[in-house]
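Counting starts at 1 for both ligands and their atoms, in listed order. Because only heavy atoms are used, hydrogens play no part in the values below, and waters and symmetry mates are left out as well, while side chains stay in.
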Amino acid sequence: MIWYPYAQMKNMKTPYRIVDAEGVYLKTGEKNLIDSISSWWCMIHGYKNRELNEAMKSQIDRFSHCMLAGLSHDPVERLSEKLESYLPGDLNHFFFSDSGSVGVEVALKMVMQFNRNRGADRRKILALKNAYHGDTFMTMAVGDDEDYHSAFPKNPDVIHVPTDIPELERVFREHGGELACFIVEPLLQGAGGLRMYDVSFLEKARELCDMHDVLLVFDEVATGFGRTGNRFVSDLVLPDILVLGKALTGGYIGHALTAANKRVFDGFYGDSKSLAFMHGPTFMANPVACSLALKSIEIFERDNYLSKIKRIEEIAKRELLSFHDDRIADIRVMGGAFCIEVKDGKSLEGFVDFAYNRGVFARPFVRYMYGMVPYIITEDELVRITDTMKAWFRK
Ligand SMILES: *Cc1c(COP(=O)(O)O)cnc(C)c1O
C-alpha cells in the first residue's frame, strides 16, 4: 500500500485522485480544482505548460540521464552559463542535487568543510525559530518545528533565534566566534507558519556575519523565483550560499541547486584532494531537470512574472486584509503568498472538504489557511480562492 506523507494512516482522509491537470486546475474526473498551493509551492507555471512539456520531451528523446562524475552535458553547461548571469553577486559555483532537503544538506556540508579546510573550529549553527529546512537529519536539526520533527532528538550545536534584531545582536555577541553559519529562510518562513518579516533583519544579519566571519546561507527553496515578490531575496541581501529547489524546474521534477560564492568555492580549491568537496548524488544535474530549469527561467523572464506576482499581491491584499472574524489571529500577504492564521487550529477542521465543494484544492496546516498560487492564475481564479477562505468563516 501507499504510505502517505505527514499522515496517520489509520484515519487519514482519502486523498483526491488526480487524473489530469492543466493550467491552475487539478482534475479528478468529477471536479476541476484550482490548486491554491501549487503542489507544495513548486508549480509556478501551472500544469501542462506547452513549452515545459516540449523541453522535457525533446531532452528525453536525446538522453534522459547520465551521471555528472567523469561526464558533462549540454543542458548542465547551458544552465550554469545562464545562472552565472542570472543569480546575484558572485554566487557562481553550482552544485546540483535532487531535492531541496539535499540541497540544504549540501550547503551545510559545504559550511562545515569550508571551516575545517581553513582550520577554523566553528561548530555551532545559527538558525531561526520556527525554521523549516527539510526532512533529512541535518535539515531537521537546523529546523525548529515541533509539528514535523518532534519524534527526533534535538541537536545541541544548533542555536535558534527569533527574527528580532536585538536578539540577533545578543546571540552574535555571545556566540559569534563559535558560529559556522547562519541559515535562514529569508523574508518568508513557509512550513513554519507562513511567517513574514522585514528585510532590515537580513541586512543586520549580513552585517553581523561579516563582522564575526560567519557564512550566511539563504534557503530559498520556497522563496526563490518570485514567491516573496522579489525574484530572489538574495537580490536584496547577498548570502554566501544560496539554495534553490521547488520552482527551479517549474515544478516538473525534483531538483535543487546549491550556489556558492567565490570565497566559499576557493576554500575547497587547491592541490590537495582532501580539500575537495565530497558529495555526489546519483541524479545531480539530471539533463531533463536542467533543460526544464532553463526553460522555466526563460518563461519567467520573458513573460515578466514579477509583474504577475505584484498583481497577485495587490489582489490578495484587497480581498483579504480588511476581513475580520473573532477566530482569526492575523492575516498577512507577501508576493505570491497569503495566509489567514487562526487562534485555534480546530476552527480549520473541515475546510479541505468545504474548499473542494467550491472547486478549490487547499491544504491548511496547524493554524494556517493559506495560498501559494501558480503565477499564471487569473484574477477570477484568485478571487475564487480568497472568497472560499472568507466564506468558511461566514458559513
Ligand atoms: C520544501 C522546503 C525544503 C525541502 O525541499 P524538498 O524538496 O521537499 O526536500 C527545504 N527548505 C525549505 C525552505 C522548503 O520550503
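- Residue pairs meeting the salt bridge (charged side-chain N to carboxylate O under 4.0 Å, His left out) criterion with at least one partner in residues 24-34, sequence neighbours excluded, are Glu22-Lys27.
- In this structure, the ring of Phe277 has its center less than 6.0 angstrom from the ring center of Phe95.
- Taking a cutoff of 4.0 Å between a charged side-chain nitrogen and a carboxylate oxygen, Arg122 and Glu178 do not qualify as a salt bridge.
- Other members of a hydrophobic cluster containing Met278 are absent, since no ILVMFWY side chain comes under 4.5 Å of it, directly or through relayed contacts.
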Which side-chain N or O atoms in residues 215-228 pair as donor and acceptor under 3.5 Å with protein atoms at least two apart or in another chain?
from	atom 1	to	atom 2	distance (Å)
Asp219	OD1	Val221	N	3.0
Asp219	OD2	His133	ND1	2.7
Glu220	OE1	Thr223	OG1	2.8
Glu220	OE1	Val233	N	3.0
Glu220	OE2	Val233	N	3.0
Glu220	OE2	Ser234	N	2.8
Glu220	OE2	Ser234	OG	2.7
Arg227	NH1	Gly336	O	2.7
Arg227	NH1	Val373	O	2.9
Arg227	NH2	Val373	O	3.2
Thr228	OG1	Asn230	N	3.3
Thr228	OG1	Asn230	ND2	2.9

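- Taking the ring centroids of His324 and Phe393, they lie at or beyond the 6.0 Å cut-off.
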Nitrogen or oxygen contacts under 3.5 Å, ligand 1 side and protein side:
from	atom 1	to	atom 2	distance (Å)
ligand 1	5 (O)	Ser101	N	3.4
ligand 1	7 (O)	Gly100	N	2.8
ligand 1	9 (O)	Gly100	N	3.4
ligand 1	9 (O)	Ser101	N	2.7
ligand 1	9 (O)	Ser101	OG	2.6
ligand 1	11 (N)	Asp219	OD1	3.3
ligand 1	11 (N)	Asp219	OD2	2.7
ligand 1	15 (O)	Lys246	NZ	2.6

